[in-house]
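Notes for the one structure printed next.
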There are 2 protein chains.
Amino acid sequence: MAVLDIKFTSHDCGSCPIRHRAVCARCDSDELAMLEEIKYYRSFEAGQTVIWSGDHMDFLGSVVTGVATLSHTLEDGRTQMVGLLLPSDFVGRPGRELAAYDVTAITDITMCCFRRKPFEQMMDRTPHIAQRLLQMTLDELDAAREWMLILGRKTAREKIASLLAILGRRDASLGLGGPVGDEIVFDLPLTREAMADYLGLTLETVSRQVSALKKDGLIELEGKRRVRVPSYDALLAETGDDSDGGLMV
Amino acid sequence: MAVLDIKFTSHDCGSCPIRHRAVCARCDSDELAMLEEIKYYRSFEAGQTVIWSGDHMDFLGSVVTGVATLSHTLEDGRTQMVGLLLPSDFVGRPGRELAAYDVTAITDITMCCFRRKPFEQMMDRTPHIAQRLLQMTLDELDAAREWMLILGRKTAREKIASLLAILGRRDASLGLGGPVGDEIVFDLPLTREAMADYLGLTLETVSRQVSALKKDGLIELEGKRRVRVPSYDALLAETGDDSDGGLMV
DNA sequence: CGTGGTCTTGACACGATTCAAGCCCCGTGG
DNA sequence: CCACGGGGCTTGAATCGTGTCAAGACCACG
């Protein structure tokens, strides 16, 4: 997490760490200047709720640093995570005033927030923002569908393996802990309970299956939150996906 | 299904039954004329596969009549439906050449197909199409997230009740079988197996829970495929969602 | 050194799956 | 006209995986 935990304080889009991946990725300098007019930063500590489902949202925004979650809760307390928000991910839906999900910071986070009305007006005028948002939304939809397969059809062991594979793939693509053979190492930004809410399991089952994968030599733990995967391919074989990798993008 | 089963043969967008809900909804007459240039119709019979995951797709398109599904299959045969495509729903992803999911007709269907390349060029030029596609994609993402909650956290009984509530809500919104009290009646376009693939269950469990809901008076069946719900509110109470209706849109 | 949060492990219960048998309905062919 | 066959569906019995409840370990922090 070291890289992601740096508090981002500058107000200059030019030096923003998510400049080229967020909703503003395609904007030119004029458009960025307009965004600077309507944006502000907010920070939340790990564990804080950013927004409650049903709340009025007067902003839309991007996660700049840290990790947050989107989740649904049933009245009896069962909760299902429906989105894992990493740096550059977008929060809120243009045209919707009331939040549809709970948003919770699970590490300390910084968000870049745009005032709703001017942002929506800007979306209508500058296609670059809408184009990028469409691309990001299509990516999220793909991720949601892969996730649905995990929730609906995989065993507990396959679910854990899939989650670790997804997190590992992401960190590998960021170039943290470069590839040595197909070994990968990464930090787990989720508690056992958050993993359970992601996967539709109980935290006890998560704990048992993590232990089982460890016993079988598929993963090693340094502390509770740092994971070493000696063979990424061996891990993939435990996900139940097609042998070609499964995680088509 | 009577209304949806009508074969649509005209090539004139003006009289198209999904003119105002599909990806072309915002297009003006000039834009429609351009679409007419690059479109063609295809029909598939119930049970036919429209596209296999991994196939090259040389078109994008909309379901005009009938019902189709999007699904993932694991190598050992477990399958999870990840999309239920109703008239006006869009198939394919701009910029992606290879299909990511299997598309299957579950009733006879008609599709309005656009040749890929010219459609993608047109998307870049005319914001009306991209705007509408963004809106539709955001709706699908919401549906996928509601679906994830169902898959991850609901019991078999709640899953069945939720699916029936979703299908009933849709048919009610189309004004078929108008509201009498809160009774609704609708056709079930899905087999027990398709319902199972939707909900991450086995077909036996689906059958058992449908029987249980029937025994408890929450639904009545006329034949296997026509459902009467005497009280929609009572059905909602079985979904496990918040009492306020849960299905926020 | 105590406290609280997080995680692990065990024993047991229960809900969903699996495997199997048979029903219902409709279309086909004798 | 009826027998036959098959697809879709239902139901039962046994099994298995995951959830539930409970106890305790580990670790950071005051």
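Here is how names work: the chains are called A, B, and so on, in the same order as the sequence lines, proteins then strands, and each is numbered from 1. Computation of the quantities below employed the complete heavy-atom set of this structure, encompassing side-chain atoms and omitting hydrogens, waters and symmetry-equivalent molecules.
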Just checking A/Leu203: base, sugar-phosphate only, or nothing, at a heavy-atom cut-off of under 4.0 Å?
base

Over all strands shown, is A/Gly47 touching base, sugar-phosphate only, or nothing at heavy-atom distances under 4.0 angstrom?
nothing

Rounded to whole angstrom units, what separation is found between the [atom1] atom of [X] and the [atom2] atom of [N]?
{"X": "A/Arg192", "N": "D/dC27", "atom1": "CZ", "atom2": "C1'", "result": "14 Å"}
{"X": "B/Asp76", "N": "C/dT17", "atom1": "CG", "atom2": "C1'", "result": "14 Å"}
{"X": "A/Lys224", "N": "D/dC26", "atom1": "NZ", "atom2": "P", "result": "9 Å"}
{"X": "B/Lys215", "N": "D/dT11", "atom1": "NZ", "atom2": "P", "result": "10 Å"}
{"X": "A/Leu221", "N": "C/dC7", "atom1": "CG", "atom2": "P", "result": "11 Å"}
{"X": "B/Arg153", "N": "D/dT18", "atom1": "CZ", "atom2": "C1'", "result": "12 Å"}
{"X": "A/Asp197", "N": "C/dT6", "atom1": "CG", "atom2": "P", "result": "13 Å"}
{"X": "A/Glu158", "N": "D/dG17", "atom1": "CD", "atom2": "P", "result": "12 Å"}

Would you call the rings of B/Tyr40 and B/Phe59 parallel, tilted or perpendicular, taking 30° and 60° as the class edges?
perpendicular

Below 30° counts as parallel, above 60° as perpendicular, anything between as tilted: where do the rings of B/Trp147 and B/Tyr198 land?
parallel

Geometric cation-pi criterion B/Arg226 and B/Phe186, 6.0 Å radius, 45° cone:
no

Looking at [X], does any N or O in its side chain come under 4.0 Å of the phosphate oxygens OP1/OP2 on [N]?
{"X": "B/Thr205", "N": "C/dT17", "answer": "yes"}
{"X": "A/Ser211", "N": "C/dT9", "answer": "yes"}
{"X": "B/Arg225", "N": "D/dG8", "answer": "no"}

Is it the case that the side chains of B/Thr65 and B/Thr110 hold a donor-acceptor pair, with the cut-off being a distance below 3.5 Å and no angle test?
yes

Do B/Asp197 and B/Thr79 have a side chain donor and acceptor closer than 3.5 Å?
yes

Consider the side chain of A/Ser207, meaning its heavy atoms from C-beta on, and name the nucleotide among C/dT17, D/dT18, C/dT9 that approaches it most closely.
C/dT9

From the set C/dA16, D/dT18, D/dG19, return the single nucleotide nearest to any side-chain atom of B/Ala156.
C/dA16

Would you say the base of [N] and the side-chain of [X] have a donor-acceptor pair closer than 3.5 Å?
{"X": "A/Glu204", "N": "D/dC21", "answer": "yes"}
{"X": "A/Arg208", "N": "D/dT20", "answer": "yes"}
{"X": "A/Arg78", "N": "D/dT20", "answer": "no"}

5'-most by nearest nucleotide on DNA chain C - B/Thr155 or A/Thr191:
A/Thr191

